[in-house]
Visitor: 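Have a look at this one.
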Amino acid sequence: MSRHVTQAVVLVGGEGRRLRPLTDTRPKPMMPLVDRPFVEHQLDHLRRFGVHDVVFSCGYRPDALEAHFGDGAGIGMRIGYVVDPEPLGTAGAVRNAEPLLHGGDVLVLNGDILTDLDLDALLQAHAASGATATIVLTPVDDPSAYGLVRLRVDRAVEEFLEKPTPDQLRPGEPFLINAGTYLLGDAARALIPEGVSCSIERDIFPRLAEQGVLYGFPSDAYWRDIGTPASYLDAHLDVLSGRVATAAPAGEVHVAPGTVVAPDAEVGDLATVGADAQIGPGSVVVRSVVGTACRVGAGAQVRGAILGAGVVVGAGARIGPGVVVGDGAEIAPGAVLEGDVRVPTNGVVDAAGEGVAGAR
Ligand code: GTP
């Protein structure tokens, strides 16, 4: 089997419900991560390993990706697009991309995984095993919330255990879960039916495992699914602190061009502030993500929170850890928000912190 893989399918069709309201206005792959859309980090990673040919398998809000990346020439890649006529699931979305694939082994990436995995090592292991498909696996401390992937000594997948109970675990075995990155050979993709919803994890991998042709590739590389607000915020902290190798600049903070920070404002502790924002006098923005064109008023505090684009935070307001504010929302001066609060897109919160009803 060839170890030369040049093509990737990136699955970007999900609705990103867990990141609402931020994904009301953009698909999850276009959520900014420090200095570029999230999925661009994935493209950078692919390009670093010589993969220049990518198909975005889209569903929810496909236009945003094409408007930004076009045919990929601007970033030295060739990008094609397919769109699910209805949600096709992860396998159906790969099948839908088949007309744009050249044949042979294809890398498949979930469009919400940040990793600096060594793709060359993955390709070598795949070729050496003769697998029809290989799943990248990442270790977790507690597998009870995930699907455990159990391997034989030769790394062939022995079985999948969904949300295993303690009595199902073997002493000393590594807890490996599906990391959302796969290599699928022709024979693996041929198992996917056309035009119907189908899951790689639930429908295709168990069949390949039964045939003994599905292998695992355990990796300790940095890995994070950015699909929840907490994880999305942590991804920023990891990029800025250099825990994961990306093309974005590491540093104490990232403040994008066009943003004005008042001289006595404090922007620190791995905060990211998007372009064209205004950070007012005496305000504090720490360990947070502040979107483009936000305005943080005088004396306001934003700690451990995520603000979408164009959010207005009134003077003296305090936005604490766990809070997610949708695009265009307005927080009144003096309002205090903290905990698992989600302010809807264009929501208005008054000084008493009311008005977040309807937040998701
Ligand atoms: P949540 O709604 O928050 O669960 O997010 P999601 O559905 O976007 O993500 P999930 O983790 O369930 O899916 C993993 C990856 O597959 C994501 O990158 C999704 O964009 C993608 N994906 C999931 N379902 C589909 C689908 O039906 N079609 C396509 N094209 N992509 C999909």
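Because the structure is a prediction, the values reported are computed rather than measured. Atoms within a ligand are numbered from 1 in the order they appear, just like the ligands themselves.
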Visitor: Thinking salt bridges, do Glu158 and Arg150 make one under a 4.0 Å N-O criterion?
Guide: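 The answer is no: the pair does not qualify as a salt bridge.
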Visitor: Which Ile, Leu, Val, Met, Phe, Trp or Tyr residues join Leu161 in one cluster when any pair of side-chain heavy atoms under 4.5 Å counts as a link?
Guide: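 Its cluster partners, ordered by chain and number, are Ile113, Val140, Tyr146, Leu148, Leu169, Phe175, Ile177, Trp223.
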Visitor: Under 4.0 Å between a Lys/Arg side-chain N and an Asp/Glu carboxylate O for Arg318 and Glu338?
Guide: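 No.
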Visitor: In terms of side-chain geometry, is the basic nitrogen of Glu252 or Arg287 positioned less than 4.0 Å from the acidic oxygen of its partner?
Guide: no
Visitor: Under 4.0 Å between a Lys/Arg side-chain N and an Asp/Glu carboxylate O for Arg36 and Asp44?
Guide: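 Salt bridge: yes.
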Visitor: Just how far is it from atom CG of Asp35 to atom OG1 of Thr246, taken to the nearest 0.5 Å?
Guide: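 One gets 7.0 Å once the value is rounded to the nearest 0.5 Å.
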Visitor: With a 4.0 angstrom cut-off on heavy atoms, strictly below it, pick out the residues next to ligand 1 and order them by chain and number.
Guide: Leu11, Val12, Gly13, Gly14, Glu15, Gly16, Arg17, Arg18, Lys28, Ser57, Cys58, Asp84, Pro87, Leu88, Gly89, Thr90, Ala93, Asn110, Gly111, Asp112
